[in-house]
Amino acid sequence: QVQLVESGGGTVQPGGSLRLSCRPSGFSLDYYAIAWFRQAPGKERQGISCSSSPDGPTHYEDSVKGRFTISIDNAKGVVYLDMSSLKPEDTAVYYCATNINRANWCGLRSYEYPDWGQGTQVTVSA
């Protein structure tokens, strides 16, 4: 059974940094696509970054380019989202999602990912 568990959310001041973690289980970590999405109150879920194992592409949504970095550490079984220069508009619930039927590919549309974690809250506020 595919499971994804996010952690690392919290409250941070504008300009601060956070590292989110996503721990996948229940499937082989050799070939899969993984993405981070976020959803702010009253807004649609937004894809912000994706990557894939073993050597797939990496993509970022324009508003997070240069500030967020996705990385995969299969040895530790963790996918990270490093976030810096955080802004109040980054406040949202952050989710990781995976598609274990595709590799060397990733996308930022929610319908492309059948399996999701429960999310972790990130709040950027002074």
Side-chain angles (χ1 to χ4, degrees):
Q1 179 180 359
V2 174
Q3 288 191 324
L4 301 169
V5 179
E6 303 96 334
S7 62
T11 300
V12 63
Q13 292 187 341
S17 300
L18 274 178
R19 165 175 269 196
L20 303 184
S21 299
C22 172
R23 295 186 180 274
S25 62
F27 61 96
S28 170
L29 298 184
D30 292 332
Y31 301 98
Y32 65 101
I34 193 91
W36 285 95
F37 290 79
R38 66 186 179 187
Q39 188 164 20
K43 294 189 176 181
E44 293 185 355
R45 193 166 293 189
Q46 177 190 37
I48 56 173
S49 184
C50 68
S51 188
S52 68
S53 181
D55 295 312
T58 299
H59 297 304
Y60 296 93
E61 193 270 332
D62 285 347
S63 69
V64 306
K65 282 181 182 177
R67 300 189 299 123
F68 291 10
T69 303
I70 189 171
S71 59
I72 298 174
D73 188 339
N74 281 334
K76 295 183 178 179
V78 185
V79 179
Y80 298 106
L81 184 69
D82 288 296
M83 307 185 295
S84 62
S85 301
L86 283 162
K87 306 174 182 179
E89 51 264 44
D90 293 319
T91 296
V93 177
Y94 284 69
Y95 301 88
C96 64
T98 192
N99 186 325
I100 67 172
N101 296 310
R102 301 188 70 172
N104 297 320
W105 160 90
C106 75
L108 295 178
R109 297 180 178 84
S110 58
Y111 65 80
E112 296 171 316
Y113 296 88
D115 296 294
W116 292 75
Q118 294 301 306
T120 185
Q121 176 71 46
V122 171
T123 301
V124 184
S125 174

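Note: hydrogens, waters and symmetry copies are ignored here, and every other heavy atom, side chains too, is used.
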**Asked** Okay, side chain of Glu6, backbone of Gln118: is any donor-acceptor separation there less than 3.5 Å?
**Response** yes
Heavy-atom nearest pair, Ala97 first then Leu4, reads CA-CD1, 3.7 Å
- prompt: According to the interplanar angle, ranging from 0 to 90°, do the rings of Trp116 and Tyr95 count as parallel (below 30°), tilted (30 to 60°) or perpendicular (above 60°)?
  reply: perpendicular
Heavy-atom closest pair (Ala92 atom, Ala40 atom, distance to 0.1 Å) is CB-N, 3.8 Å
Correct closest heavy-atom pair for Gly119 and Val93 would be CA-CG1, 3.9 Å
Less than 4.5 Å apart, any side-chain heavy atom of Asp30 and any of Pro54?
-> no
**Request:** State whether the side chain of Ser53 and the backbone N or O of Tyr31 hold a donor-acceptor pair below 3.5 Å, judged by distance alone.
**Result:** no
query = Do the numbers put Arg45 on top of the ring of Phe37, so that NZ or CZ is under 6.0 Å from the six-membered ring centre and no more than 45° off the axis?
reply = no
Taken to the nearest 0.5 Å, the spacing of Arg38 CZ from Glu61 CD works out to 6.5 Å
**Heavy atoms from other residues, nucleotides or ligands near CD of Glu89 exceed 12 (cutoff 6.0 Å)** = yes
A side-chain contact here means heavy atoms from C-beta on lying under 4.5 Å apart; do Val79 and Tyr32 qualify? yes
Same cluster (ILVMFWY, side-chain, under 4.5 Å), Leu108 and Ile100: no
The reported gap from CD1 in Ile70 to SG in Cys50 (rounded to nearest 0.5 angstrom) is 6.5 Å
Quick check against the 3.5 Å criterion: does Tyr80 have a side-chain atom that pairs as donor or acceptor with the backbone of Thr69?
no
d(Thr123 OG1, Leu18 CG) to nearest 0.5 Å is 9.5 Å
Regarding Lys87 and Asp90, does a basic nitrogen lie under 4.0 Å from an acidic carboxylate oxygen?
no
May I ask you to test the Phe27-Leu29 pair for a side-chain heavy-atom distance under 4.5 Å? yes
When every non-hydrogen atom of Lys43 is compared with those of Gln39, the smallest separation belongs to O-NE2, 3.1 Å
query = Does a side-chain heavy-atom distance below 4.5 Å link Cys106 with Tyr113?
reply = yes
Exercise. If we only count heavy atoms from C-beta on, is the Pro88 to Ser125 side-chain gap below 4.5 Å?
Worked result: no
Output for pair (Gln3 CD, Asp115 CG), nearest 0.5 Å, gives 10.0 Å
- request: Compare all side-chain heavy atoms of Gln121 with those of Thr91 and state whether any distance is below 4.5 angstrom.
  value: yes
Problem set entry | Side-chain touch Leu81/Ser49, heavy atoms, less than 4.5 angstrom | yes
(request) Check the hydrophobic clustering (I, L, V, M, F, W, Y; side-chain heavy atoms under 4.5 Å; chains of links allowed) and say if Tyr94 and Val12 are grouped together. (result) yes
Between the CH2 atom in Trp105 and the CD atom in Glu112, the distance rounded to the nearest 0.5 Å is 4.0 Å
| task | Answer yes or no: is there a donor N or O on one side and an acceptor on the other, between the side chain of Thr98 and the main chain of Ala33, under 3.5 Å? | result | yes
